[in-house]
Amino acid sequence: MIVPLLNHHMKSLGASPTTAGIIGSCYGILQLFSSSVVGSWSDIVGRRYALITCILISALGYGLLGISINIYIYAIARIPVGIFKHSLSISKAFLSDLVSEKQRPHVMGRFNSASSMGFILGPVVGGYLTELPGGFYITALLCTCIFIINAGLVWMMPQTPDKGSIAAPPNHVSFHHNRTPKSDNTEPASVEMNGSIPNNSEHTLWSQIVSVFKKVTGVAFSQMWDIFLVRLLMAVAVMLYYSNFALAMEDRFHLTPRMTGYLISYGSTLGALAGFSLGPLSRLYQYNIYTMLLHSSVLTFFSILLYSVAPKMWIVVLSSTFLAFSTSIGRTCIVDLELTLGQKHGSGTLIGVGQSVTSVGRILVPLFSGIAQEYSPCGPPQLGAVLALASIFLMYKSKSHYDGSAQSKMKRE
């Protein structure tokens, strides 16, 4: 509801384009550095506590946004949101703790579909409300109320037994080695499992900071660099596709902004529906997530390439159709691979670092897109196709590592 209205609201407050750009960049930088920290923190203090904290502080930020009568209050309001608005990431980590590895792609796909529905309906509701007198402030306060309701829903969730009190952690997990079978011996309840420690009060602030630092640096210096590089390349490729989509549609096919909006909504709707196909697809691929990711990446590459050279509008619609399915499946598969290959680091830390990698892409894409558009309106998607092809090549070179993980996963199930 809020995101499409932010630039217009900053302009109404008298902010220059440069000021608006600086505030937007600062928000992106906060997200870049905080996602790994907050994700790792949720491994330490527990998902439920971290999720409620992030939701309530985000509600505070949107509440400040609802009373931002000048650009200074607006800038202050973006700080708590930039640091703590990681409810989706923590929710994914929460879900990964609650379901088996076989069920995870299916459940994550449904979760992504629910999130996509929010991105489809939100701009419509926000656009309607903003036409009312004081519409932006009404929208921001409504957003605040929704966050508070969400915090209440999380608080009402039934307590789930912590995995740390059930089984011992795996002996070793890394990107380049198969996992060893889980031990049958049980460990004390304080032992760390899936990187998550039961929420207990004896963790001092200093010990939490030290633990977060160790966990984040542990992932940063692990042997998972190739899967994060795959994620970065594919994220940049898809963002380049969308970076100048509206302008390219106008220049190449003389499409109105309204028709372009319909086309984007069409792709978003297909992406939401594609999330429900993860369960059947996983069974079809015999839960080989590597193969699913590779095939979806190949489809993404051809969809972007087809769009970049499309001479007619129906080819653009066709490429958008395939791209919506492939990106929805690919996003779920890459998260599942990260969680499978780096289980010892904790799901919150892994998902947080993954979000930071994507944030790096968001910083790079405007620069890459601008340079590519100097060459041609088709330059950004063509560059995206090249990066997608590089990602496929990297996955192919690492095939033995991915396959080893998939086989060990099947043995455990």
Could you go through residues 373-395 and list every donor-acceptor pair under 3.5 Å that involves a side-chain atom there, pairing it with any protein atom two or more places apart or in another chain?
from   : atom 1 : to     : atom 2 : distance (Å)
Gln373 : NE2    : Ser369 : O      : 3.4
Gln373 : NE2    : Ser369 : OG     : 3.0
Ser376 : OG     : Cys378 : N      : 3.0

Looking only at heavy atoms, which two atoms of [X] and [Y] are closest? And how far apart?
X: Lys312; Y: Phe253; value: C-CE2, 3.6 Å
X: Ser89; Y: Gln355; value: OG-CG, 3.3 Å
X: Pro80; Y: Ile76; value: CD-O, 3.1 Å
X: Leu350; Y: Gln343; value: CD1-N, 4.2 Å
X: Asp336; Y: Glu101; value: OD1-O, 4.4 Å
X: Leu30; Y: Arg78; value: CD1-O, 4.4 Å

Taking the side chain from [X] and the backbone from [Y], do they hold a donor-acceptor pair closer than 3.5 Å?
X: Thr260; Y: Thr256; result: yes
X: Ser40; Y: Val37; result: no
X: Ser36; Y: Val216; result: no
X: Thr144; Y: Gly63; result: yes
X: Asn70; Y: Ile73; result: yes
X: Ser265; Y: Tyr262; result: no

With a 4.5 Å heavy-atom cut-off, do [X] and [Y] have their side chains touching?
X: Phe228; Y: Val219; value: yes
X: Leu13; Y: Tyr72; value: no
X: Val360; Y: Ser356; value: no
X: Thr327; Y: Arg331; value: yes
X: Val353; Y: His345; value: no
X: Ile2; Y: Leu6; value: yes
X: Leu233; Y: Val230; value: no
X: Ser87; Y: Asn150; value: no

Verify the distance criterion only: is there a donor paired with an acceptor across the side chains of [X] and [Y] at less than 3.5 Å?
X: His86; Y: Ser42; value: no
X: Ser282; Y: Arg104; value: no
X: Tyr266; Y: Thr321; value: yes

Query raised in the report: Yes or no on side chain to side chain contact (heavy atoms under 4.5 Å, CB included) for Ile44 and Lys215, after CA distance, side-chain angles and deciding distance?
Result: CA-CA 10 Å; Ile44 295 167; Lys215 291 174 74 66; 4.1 Å; yes

Requested in this report: Determine the interplanar angle of the Phe147 and Tyr62 rings, folded into 0 to 90°, and report it as parallel if under 30°, tilted if 30 to 60°, perpendicular if over 60°.
Outcome: tilted

When rounded to the nearest 0.5 angstrom, what is the spacing between [atom1] in [X] and [atom2] in [Y]?
X: Ile90; Y: Leu95; atom1: CD1; atom2: CG; value: 12.5 Å
X: Asn244; Y: Glu250; atom1: CG; atom2: CD; value: 11.5 Å
X: Cys333; Y: Tyr290; atom1: SG; atom2: OH; value: 12.5 Å
X: Ile23; Y: Thr19; atom1: CD1; atom2: OG1; value: 6.5 Å
X: Ile83; Y: Cys54; atom1: CD1; atom2: SG; value: 10.5 Å
X: Ser34; Y: Ile29; atom1: OG; atom2: CD1; value: 11.5 Å

Query - Charged tip of Arg47 within 45° of Phe94 ring normal and under 6.0 Å - result: no

Report task. Determine, step by step, whether Asp97 and Ser347 satisfy the side-chain hydrogen bond (donor to acceptor under 3.5 Å, both in side chains) criterion, reporting the C-alpha distance in whole Å, the side-chain angles of both residues, the deciding distance to 0.1 Å, and the verdict. Result -> CA-CA 8 Å; Asp97 294 340; Ser347 54; 3.3 Å; yes

Centres of the [X] and [Y] rings: under 6.0 Å?
X: Phe245; Y: Tyr241; result: yes
X: Tyr49; Y: Trp155; result: no
X: His106; Y: Tyr287; result: no

Report task. Begin from the C-alpha positions of Arg231 and Val335 and carry the test side chain to side chain contact (heavy atoms under 4.5 Å, CB included) through to its verdict. Result -> CA-CA 9 Å; Arg231 179 178 183 135; Val335 170; 3.9 Å; yes

**Report entry** Candidate pair Met313 and Met249, rule side chain to side chain contact (heavy atoms under 4.5 Å, CB included), full reasoning
**Finding:** CA-CA 9 Å; Met313 190 62 209; Met249 289 294 97; 4.0 Å; yes

Query raised in the report: When you look at Trp41 and Val45, which way does the side chain to side chain contact (heavy atoms under 4.5 Å, CB included) test go after all the steps?
Result: CA-CA 6 Å; Trp41 180 63; Val45 302; 3.4 Å; yes

Give the table of side-chain donor-acceptor pairs shorter than 3.5 Å for residues 115-123, with sequence neighbours excluded, one pair per line with atom names and distance.
from   : atom 1 : to     : atom 2 : distance (Å)
Ser115 : OG     : Phe111 : O      : 3.1
Ser116 : OG     : Asn112 : O      : 2.9

Quick one: side chains of residues 293-307, donor-acceptor pairs under 3.5 Å with protein atoms, not counting sequence neighbours, listed by atom name and distance.
from   : atom 1 : to     : atom 2 : distance (Å)
His295 : ND1    : Tyr285 : OH     : 2.8
Ser296 : OG     : Met292 : O      : 3.2
Ser296 : OG     : Leu293 : O      : 2.9
Ser297 : OG     : Leu293 : O      : 2.8
Thr300 : OG1    : Ser296 : O      : 2.9
Thr300 : OG1    : Ser326 : OG     : 2.8
Ser303 : OG     : Leu299 : O      : 2.8

Query raised in the report: More than 12 non-hydrogen atoms from neighbouring residues, nucleotides or ligands closer than 6.0 Å to CZ on Phe322, yes or no?
Result: no

